[in-house]
K.L.:
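Handing you this structure, nothing more for now.
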Amino acid sequence: MSEPLAKKVLLIGWDAADWKIISPLLDQGLMPTLDDFVNHGVMGNLATLRPILSPMLWNSIATGKRPDKHGILGFMEPDPQSGGVRPTTSTSRKVKAIWNILTQRGYNTHVLGWFAGHPAEPINGVSVSDLFPYAVGPLDKEWPLPPGAVHPESMRDTFAALRMHPAEVTEAAILPWIPRAAEIDQEKDKGLQSFAKILSENCSIHNAATWILQNEPWDFLAVYYNGIDHFCHGFMNFHPPRMEGIPEKQFEVYKDVVNGAYRFHDMMLQTLLDLAGPEVTVIVVSDHGFHSDHLRPRGIPKEPAGPAVQHRPFGIVCMKGAHIRQDERIYGATLLDVTPTILTLFGLPGGEDMDGRVLVQAFEEPPAITRIPSWESESGACGMHPADLRMDPAAAQAVLQRFVALGYIQPPSEDQAKAAEGAVREQQYNLARVYLDARRYREAQPILEELTKKCPDQTRFTQHLAQCYLAVGRRADAKTLLEQLIAFEPKARTAGPEDKREDKAEASPETPAPPAADAATQEPKPRPWTDLLMGVIHFEEGDMDAALASLLKAEQADARLPDLHLRIGETYLRQRRTDDAGRAFQRALEIDGDSPEAHLGLGVVRLRQRRNEEAAEQALRAVGLQHFLPLGHFYLGVALARLGHRDRAALAFETSASMLPGLVAAHRWLATLYTQPGGDPEKAARHRGMYLQLRRRREQKSQA
């Protein structure tokens, strides 16, 4: 055990918080608490995982492990007691969360409202589950806490009294957010009901957090607020600028809600900081961002967890406290890094089975980092429930209905066996996507093959299987799948006046799907991603003309298709059309300025144009957004070497080679750099040997 760097740690989760909205508010002085926080600490993007589903992500934050390890694979799962379905629970998590590890080491530990946190775990402190704030029934009726919502049970009544009911959200609370609330026809527009529900739930969680800070001894407190995410799902379609299809009157009524949500969280943050005191290390994180500009989707896919299309792949991270750098930006952080960093703050070792790393760049001095094989093998009471603990059926239904209202799941089938089968199918699909995200394609492949076989009409399964086949080199199989899809796609038709769905435009803001021109027809439109993937296949087959033709066809159908302009740029690079490639990567950055691949592509273009300083800048941006980007570090090394920065170039090449040991060119560069005067002959010889060995293998493979 190393020397602790923090006396206490306060972890604050803001679901879906995004710098794209925060930064303008900071500039306008509308989030003064967070502004002061980042000026005296560090800030940065926090890269998410895929699929971008909150129950999976928040448990990765709490464990430092990907979902295949921690076991939370979606919003719901089969219920072993009823034979139907239930929401994922704290018993679904197969590994220790940070609060379990700290409990095991004797720290006073509290956790409030964490996603998939019911039943509350018996940790060494107070645990309040995510069911705690849900109101059922009118205010004048009894409002009991669900069984298992609070630990210890002796504090049940204390915390029940801290809750806020939606009916207690008065006009005085509503008008600062929605000044024109009186104009709303509440019989047709349920926006105020949705607003009151979200606000009261977050006030309830906040009340619990402030009570603990004032009344309980604590070393670690984790509190999760779902407010930004839920306000965004309900009201982002009304956020400026006005989206096409949104009625102007409704836009004027609700346009300030999202910014109000951020300002409200800033106020709550100030209260937490005041109560926690100056000697506490505070970490604010979000699991993902939320599209708030031209990238807002024009429609929501009619599939489970469809609203996740609104999520952006970068959340936020901020840290402030002793030994933390001040007024600095950190790069390359992922949500897997939060738990290893907290363990280091307490002087505890990380687990070698954790997928994250310590955010060393956040510290004034590099911290001492120790490791143990796994916290799972450490003995002692840790406050985890037995896996077979029963969940209260009424509480389970309340959570499921909440997920239905948010659009994350369809109403479960009354046929319990069918509902359970559907839950297993979604879990398997999410697991396959976890493997794809981790580049474990061989493990994803059989799952996707089975799903495609059972559900041939589910194009999402087929799409991911085709991508998986491409990744493992089975181009012919991928091509066959795509040709089948293209052959059976219905012809596009133009929506007529009878297809206009004004009822969607007037729907409650709790319904997340925005009214959209391309959602106006009941028939599915042609899927341009089939042309995108066919372009990738042609590219890998070496037919650049056919690749470009397919990609440009996809562009004509949907110019905002993710990764499309990246692929177009790569094709132009292969054709040595450098200027055209640069324009394609610039277009990708116009669509999404936080695309690491687009910055990297533009960096390669600048290298070819011998604009080496610009190339280094673009490569740095790429690896800052996504640290695990081997080619990003490689091309950064090329640019730095050309600029004469030998040591920095060698570090970049070493990083790329450690991430991708088979990167032949990295070893060649390292051998050259270490051979130079003042270099390292031993390292030069080692990398030269690796380069020759890898080149021989490549030649033998090509001849086979």
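Every heavy atom of this structure was used, including side-chain atoms; hydrogens, water molecules and symmetry mates were not.
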K.L.:
Do the side chains of Arg587 and Glu590 get close enough for a salt bridge, i.e. N-O under 4.0 angstrom?
P.N.:
yes
K.L.:
Give a yes-or-no answer on whether the side chains of Asp531 and Gln556 include a donor-acceptor pair shorter than 3.5 Å.
P.N.:
no
K.L.:
Kindly write out the residues that satisfy side-chain hydrogen bond (donor to acceptor under 3.5 Å, both in side chains) with His538, not counting sequence neighbours, or none if the list is empty.
P.N.:
none
K.L.:
Taking side-chain hydrogen bond (donor to acceptor under 3.5 Å, both in side chains) as the definition, give me every residue that meets it alongside His291, ordered by chain and number, with sequence neighbours left out.
P.N.:
none
K.L.:
For the pair Glu570 and Arg567, find out whether any cationic side-chain nitrogen is under 4.0 Å from an anionic carboxylate oxygen.
P.N.:
yes
K.L.:
Would you confirm whether Thr48, through its side chain, and Pro313, through its main-chain N or O, come within 3.5 Å as a donor-acceptor pair?
P.N.:
no
K.L.:
Any idea which heavy atoms bring Gly637 and Ala649 closest together, and the distance?
P.N.:
O-CB, 3.5 Å
K.L.:
Closest approach of Thr281 and Ala322, non-hydrogen atoms and distance?
P.N.:
OG1-N, 4.1 Å
K.L.:
Just how far is it from atom OG1 of Thr339 to atom CG of Leu102, taken to the nearest 0.5 Å?
P.N.:
9.0 Å
K.L.:
Flag the pair Asp543 / Asp545 as yes when at least one side-chain heavy-atom distance between them is below 4.5 Å, and no otherwise.
P.N.:
yes
K.L.:
Are the side chain of Asp337 and the backbone of Val358 linked by a donor-acceptor contact shorter than 3.5 Å?
P.N.:
no
K.L.:
Is any side-chain heavy atom of Leu49 closer than 4.5 Å to one of Met56?
P.N.:
no
K.L.:
Between Glu449 and Lys453, is there a side-chain N and carboxylate O pair less than 4.0 Å apart?
P.N.:
no
K.L.:
Would you tell me whether Ser374 and Glu352 have side-chain atoms, one donor and one acceptor, within less than 3.5 Å of each other?
P.N.:
no
K.L.:
Shortest non-hydrogen contact from Ser92 to Ile72?
P.N.:
CB-CD1, 3.4 Å
K.L.:
With a 4.5 Å cut-off on side-chain heavy atoms, are Thr655 and Met659 touching?
P.N.:
yes
K.L.:
Check side-chain hydrogen bond (donor to acceptor under 3.5 Å, both in side chains) between His687 and all other residues, then give those that pass, not counting sequence neighbours.
P.N.:
Glu654, His667
K.L.:
Quick check: does any side chain N or O of His565 sit under 3.5 Å from a backbone N or O of Ala559, one acting as donor and the other as acceptor?
P.N.:
yes
K.L.:
Can a donor-acceptor pair be found between the side chains of Arg329 and Asn45 at a distance below 3.5 Å?
P.N.:
no
K.L.:
Taking 4.0 angstrom as the limit, do Arg460 and Glu426 come out as a salt bridge?
P.N.:
yes
K.L.:
From Leu625 CG over to Leu600 CG, what is the distance, rounded to the nearest 0.5 angstrom?
P.N.:
11.0 Å
K.L.:
Would you say the side-chain atoms of Ser60 and His70 include a donor-acceptor pair closer than 3.5 Å?
P.N.:
yes
K.L.:
Within 45° of the six-membered ring axis of Phe346 and under 6.0 Å from that ring's centre, is NZ or CZ of Arg105 located there?
P.N.:
no
K.L.:
Write down the atom of Phe653, the atom of Val638, and the distance for their closest heavy-atom approach.
P.N.:
CZ-N, 3.3 Å
K.L.:
Tell me which pairs pass salt bridge (charged side-chain N to carboxylate O under 4.0 Å, His left out) where either residue lies in residues 633-648, with sequence neighbours left out.
P.N.:
none
K.L.:
Give a yes or no on whether a salt bridge exists between Lys65 and Asp353, defined as a side-chain N under 4.0 angstrom from a carboxylate O.
P.N.:
yes
K.L.:
Compare every heavy atom of Gly632 with every heavy atom of Val623, then report the nearest pair and how far apart it is.
P.N.:
CG1-C, 3.6 Å
K.L.:
Check whether any side-chain heavy atom of Leu548 sits under 4.5 Å from a side-chain heavy atom of Gln575, and report yes or no.
P.N.:
yes
K.L.:
Does Arg325 have any side-chain contact (heavy atoms from CB on, under 4.5 Å) partners at least two apart in sequence or in another chain, and if so, which?
P.N.:
Val42, Glu328, Gln361, Glu364
K.L.:
Testing the basics here: between Ala444 and Ala432, what is the closest heavy-atom pair and its distance to 0.1 Å?
P.N.:
CB-O, 3.5 Å
K.L.:
Of all residues at least two apart in sequence or in a different chain, which pass the salt bridge (Lys or Arg N to Asp or Glu O under 4.0 Å) check with Glu555?
P.N.:
none
K.L.:
Any chance you could measure Thr341, atom OG1, to Ile283, atom CD1, to the nearest 0.5 Å?
P.N.:
6.5 Å
K.L.:
Of all residues at least two apart in sequence or in a different chain, which pass the ring pair (Phe, Tyr, Trp, His ring centres under 6.0 Å) check with Tyr429?
P.N.:
Phe461, His464
K.L.:
How long is the straight-line distance from CG of Leu532 back to CG of Asp558, given to the nearest 0.5 Å?
P.N.:
10.0 Å
K.L.:
Write out all pairs satisfying salt bridge (charged side-chain N to carboxylate O under 4.0 Å, His left out) with one or both partners inside residues 678-689, taking only residues at least two apart or from two chains.
P.N.:
none
K.L.:
Is the backbone N or O of Arg93 less than 3.5 Å from a side-chain atom of Asn59, with the two atoms forming a donor-acceptor pair by type?
P.N.:
no
K.L.:
Looking at CD of Gln104 and CE of Met384, how far apart are the two atoms once the value is rounded to the nearest 0.5 Å?
P.N.:
10.0 Å
K.L.:
Does anything in residues 611-640 pair up under salt bridge (charged side-chain N to carboxylate O under 4.0 Å, His left out), and if so which pairs, sequence neighbours excluded?
P.N.:
Arg606-Glu614, Arg611-Glu614, Glu617-Arg621
K.L.:
Can you sort out the partners of Lys96 under salt bridge (Lys or Arg N to Asp or Glu O under 4.0 Å), two or more places apart, ordered by chain and number?
P.N.:
none
K.L.:
Look only at the side chain of Trp19 and the backbone of Gly44, and say whether a donor-acceptor pair between them is shorter than 3.5 Å.
P.N.:
yes
K.L.:
Counting only heavy atoms not in Lys20 (residues, nucleotides, ligands), do more than 12 fall under 6.0 Å from its NZ?
P.N.:
yes
K.L.:
Test of understanding: with salt bridge (Lys or Arg N to Asp or Glu O under 4.0 Å), list the residues that count as partners of Asp580, not counting sequence neighbours.
P.N.:
Arg577, Arg583
K.L.:
Could you tell me whether a side-chain N or O of Thr63 sits under 3.5 Å from a main-chain N or O of Ala97, the two making a donor and an acceptor?
P.N.:
no
K.L.:
Report the residues that fulfil side-chain hydrogen bond (donor to acceptor under 3.5 Å, both in side chains) with Thr452, sequence neighbours left out, ordered by chain and then residue number.
P.N.:
none
K.L.:
What is the distance from atom CH2 of Trp529 to atom OG1 of Thr459, rounded to the nearest 0.5 Å?
P.N.:
5.5 Å
K.L.:
Would you find a donor on one side and an acceptor on the other, under 3.5 Å apart, between the side chain of Asn612 and the backbone of Leu643?
P.N.:
no
K.L.:
Under 4.0 Å between a side-chain nitrogen and a carboxylate oxygen: does that hold for Asp594 and Arg312?
P.N.:
yes
